Amino acid sequence: MKNLTLPGAFEDINFSLHSGEILGITGLLGSGRTELAKALFGETPARSGTIEIKGQPARIRSIQDAIRNRIGYVPEDRLTEGLFLQRSIGSNIVTSTLKSLLNSMGFIDTAQVNNRIADWVNNLHIKTQNVSLPVRSLSGGNQQRVVLSKWLAANPEILILNGPTVGVDVGSKDELHQIIKDLAQHGIGIIVISDDIPELMATCNRIMLMRRGRIDEHLTTRQTDEQALSTKLRQLAV
Amino acid sequence: MTTVQPHPTPTDSSAPRPRLDSLIPRDSSILRLLVITVVIFIAFTLARPDTFPTMNNLEAMARQMSEIGILAIAVALTMLSGGIDLSINATANLTAITAATVLTAMTAAPDTAPGTITLAIVLAIAAGVGVGFLCGLANGFLVAYAKIPPILATLGTMTLFTGIGTVLTKGAAVFGQARLSELGNGGIGPLPIPLFIFLVAAVIISFILSRTKYGFDLYMMGTNPHASRFSGINNRSVLLRTYILSGILSAVAGIIILGRIDAARIDFGESYVLLAIMICVLGGIDPSGGFGRMTGVVLAVVALQLLSTGLNQVLFEDSGANFFRQFAWGVTLLLVLMLNYFSQRQRLKRASTEK
């Protein structure tokens, strides 16, 4: 990421993300953190600057570009942007990857779809009796697992999680953190955007503080503690 | 807790696994509609045993419902996307006018060679479908790229297409030289050709909806366009394809109309638009998008046709038959909507007590 700029949202953002690393981005609301995430995902592409993936310049002008570059994005607002609440758990899981589930004639391969769904439900321990129930029937933590599995099915190299545990109960929160760490261990580069300081401390290797569209400070979690981080975040407000 | 893998190991296939019945949920309203249809049929059969359940009457009904049925499928697709297409009838008429013009230009002379006639029929149908494609493309562009709300965009194009047709024909009828009569009035065995086309269209669209990526994307986008965008579905291309499909189906209906009455006029069948919308809603297509099946649309077409023909027969002496027909359609529509509403509320209540 070099000199990434979107006027009015963020300016001159430079950072790198290694495979297997969990990078935290925090800052107050309106600091440009969500805008940065959406730019990386091609939703509102950056006006200038370059993005390189594995040393190759990547052109990300649309969400389809981002997916082609193996980037996944778990949005901030799970209920309106992340999920199709009235649709089945199964449909939600395969939405982003249906292309890989077509048979040689170009039609949906139902058996393969069912296998894919069953695999992910088991893998992420989504608690449901029947995957044809609407996602709405799940708890917050399980809903978030559905969003995660939708992207994991796309086999991402970079996963951007915006507020991964907002509205999730405490027990599920720890499990989701464990899932995030497991995924990093398997080599996925992960960006966690959050205001939840304990969450950032528990999951991330490094944390970036954003302020008014710029990166204010880089920290490694080893250098700091919850106390210091929350003091810094408070100072950003003034 | 076992660790999560980015690539899940395939689950043991002998283990009990969750079942996915269908990507499109089944709908209890379809069963209800089937019962209503059967009840209507039985009621009129009892009321008019000599005229209602006869082969002649059934065939007449099959012919009449085919063109409106195809138009209803067109509207249903746009409704699934969360939009609507008000220009279906204008598209159908413009198509019919185009096809009739081609037929008149090429085969008006009484001594036209059979080869020329065949060529003219092929060209007329191709030109008609082409017009439907272009009308759909215009709608799709306005909705998907100019982001005009579908109800306004297609209201605009409806007026535009009607205007073009009026200028081309000066409001008069264009005749088809009886070249397509077989298509409109012929039959394959006892099966009228228009009914055959209607059923084939319903089956093909149904297959597209349930077994292609486009169909899946259409349902997902209709349910929640934000989430579909964030899932990497190309909403624009889905919308564009939906309106083009709607335009082509309208063209097919237009060609059947031309075949049946051997004339094309720009103001033909003005009530078809609202009727098609009513059929969709009756058939369980959710006007806010994402839910509904073709089976429902087909059943709703049959139900309304039975009702309208039946009432005409029962009230044959009564000059108010036409007036009463609309009244009955309205009552049926509202009744089914209310039934659906209450059963859904019941279901939600049950679901929340189960939790």
Side-chain angles (χ1 to χ4, degrees), chain A residues 41 43 62-64 66-67 73 75 77 80-92 94-96 98-99 101-102 106-108 110 113-125 128-132 134 137 148 150 152-156 175 178-179 182-183 185-188, chain B residues 1-13 15-27 207-237 286 288-291 344 347-348 350-352 354-355:
Chain A
F41 190 54
E43 207 261 349
S62 69
I63 291 175
Q64 283 82 17
I67 293 173
Y73 175 60
D77 190 340
T80 63
E81 295 175 341
L83 291 168
F84 304 84
L85 284 178
Q86 305 103 301
R87 299 232 85 99
S88 71
I89 296 161
S91 298
N92 271 274
V94 297
T95 347
S96 296
L98 201 67
K99 218 182 257 176
L101 298 169
L102 304 179
F107 301 125
I108 294 172
T110 320
V113 167
N114 288 343
N115 285 340
R116 169 82 52 96
I117 292 166
D119 290 349
W120 283 106
V121 166
N122 291 337
N123 188 27
L124 285 190
H125 309 287
T128 179
Q129 297 107 339
N130 189 340
V131 292
S132 53
S137 66
L148 262 177
K150 171 172 86 181
L152 292 178
N155 195 11
E175 287 178 24
Q178 192 54 49
I179 292 175
D182 286 345
L183 293 172
Q185 230 147 54
H186 283 93
I188 299 178
Chain B
M1 190 177 144
T2 52
T3 60
V4 166
Q5 310 278 328
H7 311 283
T9 41
T11 37
D12 179 9
S13 55
R17 52 170 53 194
R19 234 175 78 245
L20 178 79
D21 293 315
S22 164
L23 291 173
I24 309 166
R26 293 192 193 290
D27 197 343
F207 183 83
I208 288 176
L209 288 178
S210 61
R211 291 297 302 278
T212 68
K213 183 174 185 305
Y214 160 75
F216 180 84
D217 288 353
L218 175 62
Y219 275 111
M220 295 310 258
M221 185 194 71
T223 309
N224 182 348
H226 297 291
S228 73
R229 217 160 84 79
F230 276 103
S231 302
I233 290 173
N234 189 340
N235 286 359
R236 278 181 178 173
S237 126
D286 184 342
S288 52
F291 292 89
Q344 190 172 14
R347 205 164 50 226
L348 286 179
R350 243 198 335 264
S352 61
E354 269 171 20
K355 234 180 182 178

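Model, not experiment: these values are computed from the prediction. Chain identifiers are assigned alphabetically (A, B, ...) following the order of the sequence lines, protein sequences preceding nucleic acid strands; residue numbering begins at 1 within each chain.
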request  = Go through the steps for A:L101 and B:K213 under the test side-chain contact (heavy atoms from CB on, under 4.5 Å), then give the verdict.
outcome  = CA-CA 9 Å; A:L101 298 169; B:K213 183 174 185 305; over 6 Å; no

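Once rounded to the nearest 0.5 Å, the distance linking CG of A:L98 with CG of B:D217 reads 7.0 Å.
For chain B, the nearby part of A:L83 is the backbone; its heavy atoms alone come within less than 4.5 Å. Residue contact with chain A, scored on non-hydrogen atoms closer than 4.5 Å, involves the side chain of B:F207 exclusively. Using a 4.5 Å cut-off between heavy atoms, A:E81 touches chain B through backbone and side chain atoms alike.
A side-chain donor-acceptor contact under 3.5 Å links A:S96 to the backbone of B:S231. Listed for the B:R229 side chain is no donor-acceptor partner under 3.5 Å among the backbone atoms of A:I63.
With sequence neighbours left out, A:S62 forms a side chain to side chain donor-acceptor pair (under 3.5 Å) with no residue at all. Annotation: ring-ring contact (aromatic ring centres under 6.0 Å, His included) contacts of A:F84 (sequence neighbours excluded): none.
The aromatic rings of B:F230 and A:Y73 sit tilted, their planes meeting at an angle between 30° and 60°.
Between B:N224 and A:Q86 there is no side-chain heavy-atom pair separated by less than 4.5 Å.
A:R87 and B:T223 get closest at one heavy-atom pair: NH1-OG1, 2.6 Å. Summarising the geometry of B:T212 relative to A:F107, their closest heavy-atom pair is CG2-CD2, 3.8 Å, with the distance given to 0.1 Å.
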